[in-house]
Amino acid sequence: MPHESALPSDTPLVVVAIDGPAASGKSSTAHWVAERLGYRHVDSGALYRTLTLLASQEAGPAEEWTEARLLALAERVRLAPIPGGFEPLIDDAPAGDGIRGIEVTRAVSRVAQMPAIREWVNARVRLAARGNAVVVDGRDIGTVVFPDAPLKVFLVADPWERARRRLVQRLERRPSDDEIAEETERLVQRDAKDATQTVQAKDAILLDTTYLTQAEQVDRIVALARALERVGHDRGQAGRGTDA
Ligand code: DC
């Protein structure tokens with residue numbers, strides 16, 4: 001067992017990878033899991049969103065965005081450490097809530113399809129994770145970004161329930177069935193656009209949250225992470241025993 005200081009400097013200490021489709025609760029779950037474990041949260045989708053916001057301000061209509069133009073704009077985007085996680089910056093200023101807006105949400109899948117942009121995001125996420133214990137959420141974290149993560153969770157939920165949760169969050173009231181039906185249609189269309197990169201790793205644990213509360217989802221993932229921490233600790237002890 002190499003000592004921690006012998007690890008290459010770009011190796012994260014521990015990664016919990018949380019993937020899943022839109023509105024499956026990845027980001028909020030990842031945030032709370034990170035807080036409970038004392039890890040840092042890295043939201044990979046926020047990087048795609050921040051670049052999309054910048055492009056919408058500076059690169060004309062979305063149909064005209066090219067990979068080269070977006071890669072040039074990406075030089076102005078980075079993740080800055082904040083307590084418990086990272087915040088996306090544009091030109092060193094916080095990108096703000098605009099990254100969650102409807103326009104960005106509509107255009108972001110186009111940006112996330114571009115291979116060079118995916119590589120840029122993956123590099124930024126790995127950089128943020130360097131030397132940290134992290135909970136990273138996205139679509140391809142367990143398959144592409146950190147294929148060796150010791151804990152991978154793939155969150156799913158019934159589309160109607162995902163739509164309902166998203167509307168409750170956005171409207172801060174109980175949505176009507178018609179509103180949920182409309183939102184479900186939008187979500188299913190987004191699922192189709194993001195399908196190629198939203199992949200469950202073979203060794204991921206599938207967690208269906210349709211009938212779980214947020215607190216229950218967090219509890220389950222924290223319990224899995226703690227169990228793995230204990231296994232790692234016991235292995236470390238056993239290794240030391242043999243060496244002595
Ligand atoms: O999870 P989200 O809604 O913030 O993601 C925004 C967009 O980025 C969405 O189109 C999916 C895409 N994405 C991705 O392709 N890979 C990731 N690791 C994270 C997000």
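Indexing begins at 1, ligand by ligand and atom by atom, following the structure's order.
Trp120 contributes atom CH2, which lies 10.5 Å from atom CD of Glu75 (distance to the nearest 0.5 angstrom).
Close contacts of ligand 1 with Ala112, meaning ligand atoms under 4.0 Å from a residue heavy atom, involve 12 (C), 15 (O). Near Ser44, meaning under 4.0 Å from one of its heavy atoms, ligand 1 places the atoms 17 (C), 18 (N), 19 (C). Counting the atoms of ligand 1 from 1 in the order shown, those under 4.0 Å from a heavy atom of Gln197 are 15 (O).
Nearest to atom 5 (O) of ligand 1 by heavy atom, out of Arg139, Lys26, Arg106, is Arg139.
Side chain of Arg40 to backbone of Ala34: no donor-acceptor contact under 3.5 angstrom is found. Between the side chain of Thr209 and the backbone N or O of Leu212, no donor-acceptor pair lies under 3.5 Å.
When only interatomic distances are considered, the shortest N/O to N/O separation between Asp137 and ligand 1 does not fall below 3.5 Å. Close N/O approach between Asp140 and ligand 1 is found [any backbone or side-chain N/O within under 3.5 Å].
Using a 3.5 Å distance cut-off with no hydrogens or angles, the side chains of Arg162 and Thr210 do not pair a donor with an acceptor. Side-chain atoms of His41 and Asp137 include a donor-acceptor pair closer than 3.5 Å. Side-chain atoms of Ser176 and Asp178 form no donor-acceptor pair, as typed in the model, at a separation below 3.5 Å.
Considering only non-hydrogen protein atoms, atom 4 (O) of ligand 1 sits nearest to Arg49 NE, 2.8 Å. Closest to atom 10 (O) of ligand 1 among all protein heavy atoms lies Asp194 OD1, 2.9 Å.
Shown are Val77, Thr52, Ile99; of these, the side chain to side chain contact (heavy atoms under 4.5 Å, CB included) with Leu47 is made only by Val77.
Judged by the shortest distance from any of its heavy atoms, Arg118 lies inside the 4.0 Å radius around the atoms of ligand 1.
By the criterion of a heavy-atom distance under 4.0 Å, both the backbone and the side chain of Ser109 are placed next to ligand 1.
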